[in-house]
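Accompanying notes for the structure given below.
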Amino acid sequence: MALPFHVTSHLDTALRRAADPLGLVARGFEPEVRVADPAHGDFQANGALAFAKREKQNPRALAQQIVDGLEPSLQADFEITLAGPGFINFRIKPAALFAWLCAYDTAQHLQTGAASAHAGQTWVVDYSSPNTAKQMHVGHLRSAVIGEALCRMLTFTGAKVIRDNHLGDWGTQFGKLIYGYKRWADDAALMSEPIEELERLYKLGHAATPDDSPELDEARRELVKLQNGDAANVALWKQFSEASLRAFDEIYQRLGIRFDYNLGESFYNDKVDRIYRELAETGLAEDSAGALVVFHDEHPRFSRNNERPNPFMVRKADGASGYASTDLATALYRTEHFKADGIVVVTDFRQTDHFEQLFLTVKKWFAAKNYRLPELHHVTFGAVTDEAGKALKTRDGGTIKLKALLDEAVERAFALVTEKNPDLPEAERRTIAQTVGVGAVQYADLSQNRSSNYVFSWEKMLSFEGNTAPYLLYAIARIHSIFRKAGVAPATAASEAGATPPETPTETTLGRKLLKFPDAVRLASDTLRPHHLSLYLYELAGDYSSFNSADKVLVDDPALRARRLLLCARTLLVLETGLHLLGLRTLERM
RNA sequence: GGAUCUGUAGCUCAAUUGGAUAGAGCACUUGGCUUCGAACCAAGGGGUCGGGGGUUCGAGUCCCUCCAGGUCCA
């Protein structure tokens, strides 16, 4: 009988059961089971230390008492030892590890094991969200890549995920754009390179409408016409949005992203009146010099008593709606229409204050109206800067376009695959280059803690050595190569007759690493930080590479061969599943 | 000015959220392909975790205070 998929949960339950008769659970004992340094064991429980400290007991003696109360079956599966001031270490025994490796043998079984975390829940993930009529640049990469990884991890852990691209498709910039369009539009360019042309027209429109000029008044009139539903301007605006979406989709396809909805700011344009009404009616919002604002007095930063008040501005004094009102309407729509249990918004850290105020307001408003409140998460990430810590610019002053970055990555990958494997047909080398190049760019983002600022360098984004996508893809390609040579499909190695528990040091290290996949997924999805999964996969690929060098798989001894093929099959399964969770594609040959 | 985030090896980053001897990659030095793919593996040097103080069995992580930088709000 194999251990459960989540071994840490299993140990947690067992430790609680042992601690309960001692009266510890009633007094707040938490086992605190974690993945351990392999030198100490596979898992460790630290809970006795914190508890003994609170209760002024001897931690080591307490840990011993708990261990004495553990069920005998646990002793059969693990070597259990005490260490230091009261750590309880668990080292899995070979037979138990083998049974676990045999049991979780397909992507479906892995997902079933992982799906308890968000089972039955609906999550709306708001990510990418570029402004229409502008090209995406490298700054837009993080939201798209991190958001997609989160979507896949949430799906894997049981949630129904709704991908919503909250486009910046409404605002004052359209006045200047229409102004420029009506004077200088180049229809041919609009057909062939629509976003580049729209950017050109916006720049011309902006330059031609300086402050306090009659030209600016004209641009404002264009905006008002659009907002009032003028047929010609609305048609133009639609044309701009559709052209933008088509261009975005090219990028999204390369990144493996497909949105379920593109509900941009314009979609909520007619939904803000209800927000004004309900916030006023519940007494949350108040009039302040003609504007409608919400204070949060319990937070010094957002209190009316702040020296410089910083209220949540729901409606400006001139009557215009801003991000606050559309974002409130968005939260309501996602709750009512999508029945969201969780909402995740992925943006850079500069919007922290805005979302803190937004969520505070939503919580009070929903409570007052008795609306069900979903979990609200603002997933932030650091800025993309150059080596000097400044916002990223290329030499000519423009930002690096996302399209150009991906093209460059693919080009370099093509050169490399051509150098390494000149005999592969060109078409296949092109396909490989797409996967390797784009994967390297995605992985460069996903392998780093999203909170840190992102120092952009071509060298780093396009590095193919070390903790990079190509390293992981290479491990996968080598495993596929072994199965090709063995003449069996990886899936059939699941039931490879005659396989036995891992024996050599490299086999054992690899097998024990595989056991921690559930913890890596859980940690990454609980914290909404994909880099925890990236790091795990990198370490797993490293353990595989060591095993691959030390232990030959295709040997004559059938038992040895079966044992190692089983490890290859499981490593392949976890690496492919894990990389797909991060949003990367994988290869059988590279 | 207020708020907020960041500071770890020469460089780029980790550290399971208070746990055991702070780990990787790049770069550098050395060794390994007649053996399943060397885009690899094995080994080595490199650290006052920005400075100082505090909390405790235990601090890169928490609290205070300086220093440097990013960002937001006027």
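Throughout, a chain's letter reflects where its sequence line sits, starting with A, and its residues are numbered from 1.
A salt bridge links A:E298 and A:K364; the closest N-O separation between the charged side-chain nitrogens and carboxylate oxygens is under 4.0 Å. Under 4.0 Å is where a charged nitrogen must lie from a carboxylate oxygen, and between A:R561 and A:D557 no such pair does. Ion pairing between A:D42 and A:R512 holds under the 4.0 Å rule for side-chain N and carboxylate O. Ionic pairing of A:R350 and A:D348 is present here: one or more N-O contacts between side-chain nitrogen and carboxylate oxygen are shorter than 4.0 angstrom. A salt bridge links A:R304 with A:E286: the distance from a Lys NZ or Arg NE/NH1/NH2 to an Asp or Glu carboxylate oxygen falls below 4.0 Å.
Atom P of nucleotide B:rC13 and atom OH of A:Y471 are separated by 21 Å, given to the nearest angstrom. The separation between A:Q351 atom CD and B:rC5 atom C1' is 15 Å, rounded to whole Å. Between the CZ atom of A:F51 and the C1' atom of B:rC57 there is a distance of 16 Å, rounded to whole Å. For the pair A:L62 CG and B:rC57 C1', the computed distance is 14 Å after rounding to whole Å. In this structure, CG of A:N548 is placed 7 Å from P of B:rA38, rounded to the nearest angstrom. Rounded to whole Å, the distance from CG on A:L537 to P on B:rU16 is 18 Å. When rounded to the nearest whole Å, the span between CG of A:L567 and P of B:rC36 equals 20 Å. In this structure, A:R529 atom CZ and B:rU61 atom C1' are separated by 13 Å, rounded to whole Å.
Among the nucleotides B:rA14, B:rU16, B:rA39, the one closest to the side chain of A:P470 is B:rA39. Comparing B:rG37, B:rA14, B:rG70 by their closest approach to the side chain of A:R589 singles out B:rG37. Listed nucleotides: B:rA39, B:rA15, B:rU4. Nearest to the side chain of A:R301: B:rU4. Taking only side-chain atoms of A:S452, from C-beta outward, the nucleotide of B:rC40, B:rA14, B:rC57 with the closest atom is B:rA14. When each of B:rC36, B:rG70, B:rA39 is scored by its nearest atom to the side-chain atoms of A:V436, the top-ranked nucleotide is B:rA39.
Both cation-pi conditions hold for A:K516 and A:F43: the charged atom is under 6.0 angstrom from the six-membered ring centre and inside a 45 degree cone around its axis.
Nucleotides B:rG10 and B:rU16, compared at atom C1', are 29 Å apart to the nearest Å. Between B:rA15 and B:rU61, the two P atoms lie 14 Å apart (nearest whole Å). Between B:rG70 and B:rG18, the distance separating the two C1' atoms is 28 Å to the nearest Å. Comparing the same atom, P, in B:rA9 and in B:rG58 gives a spacing of 27 Å after rounding to whole Å. Distance check on atom P: B:rG52 versus B:rA59 gives 15 Å, rounded to whole Å. For the P atoms, the distance linking B:rG23 with B:rC63 amounts to 25 Å, nearest Å.
Across all strands shown, the partner of B:rA42 is B:rU30, judged by Watson-Crick or G-U wobble contacts whose two distances both fall under 3.5 Å. Base pairing of B:rU35: no nucleotide in any strand meets the Watson-Crick or G-U wobble criterion (both distances under 3.5 Å). A 3.5 Å limit on both hydrogen-bonding distances identifies no Watson-Crick or G-U partner for B:rA15. Pairing of B:rU56, defined by two Watson-Crick or G-U wobble distances under 3.5 Å, is not identified with any nucleotide. In this entry B:rC49 has no Watson-Crick or G-U wobble partner, no candidate having both defining distances under 3.5 Å. Using Watson-Crick or G-U wobble geometry with both donor-acceptor distances under 3.5 Å, B:rU4 finds its partner in B:rG70.
Nucleic acid contact class of A:Y474 (heavy atoms, under 4.0 Å, all strands): base. Across all strands, A:T352 comes closer than 4.0 Å to no nucleic acid atom at all (heavy-atom distances). A:H354 comes within contact range of no nucleotide atom at all, as no heavy-atom separation falls under 4.0 Å. When heavy atoms are screened at a 4.0 angstrom cut-off, A:D551 is found touching base atoms of the nucleic acid. Counting non-hydrogen atoms under 4.0 angstrom, A:D519 reaches nothing in the nucleic acid. At a threshold of 4.0 angstrom between heavy atoms, the contacts of A:V417 include nucleobase atoms, whether or not backbone atoms are also involved. The residue A:L416 sits close to a base: some heavy atom pair falls under 4.0 Å. Residue-level contact check: A:L535 touches the backbone only, with heavy atoms under 4.0 Å from sugar-phosphate atoms and none from bases.
Side-chain nitrogen and oxygen atoms of A:R478 include at least one within less than 4.0 Å of the OP1 or OP2 phosphate oxygen of B:rA38. Look at A:H532 and you won't find any side-chain N or O under 4.0 angstrom from OP1 or OP2 of B:rU17. Neither OP1 nor OP2 of B:rU16 sits under 4.0 Å from any side-chain N or O of A:H531.
Close placement of the A:Y104 and A:F5 rings is indicated, their centers lying within 6.0 Å of each other. Checked against the 6.0 Å centroid criterion, the rings of A:Y127 and A:H166 do not qualify as a close aromatic pair.
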Contact state string [nucleotides 19-35 of chain B, B base, S sugar-phosphate only, - no protein heavy atom under 4.0 Å]: BB---SS---------S

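Between A:L579 and the choices A:I476, A:V574, A:L533, A:L446, the side chain to side chain contact (heavy atoms under 4.5 Å, CB included) rule is met once, by A:I476.
With sequence neighbours excluded, the residues satisfying side-chain hydrogen bond (donor to acceptor under 3.5 Å, both in side chains) with A:E426 are A:R430. With sequence neighbours left out, the salt bridge (Lys or Arg N to Asp or Glu O under 4.0 Å) criterion links A:D445 to A:R142.
Mapping A:R350 and A:N449 onto RNA chain B by nearest heavy atom places A:N449 closer to the 5' end of the strand.
Look at B:rU17: its glycosidic torsion is within 90° of 0, and that puts it in the syn range.
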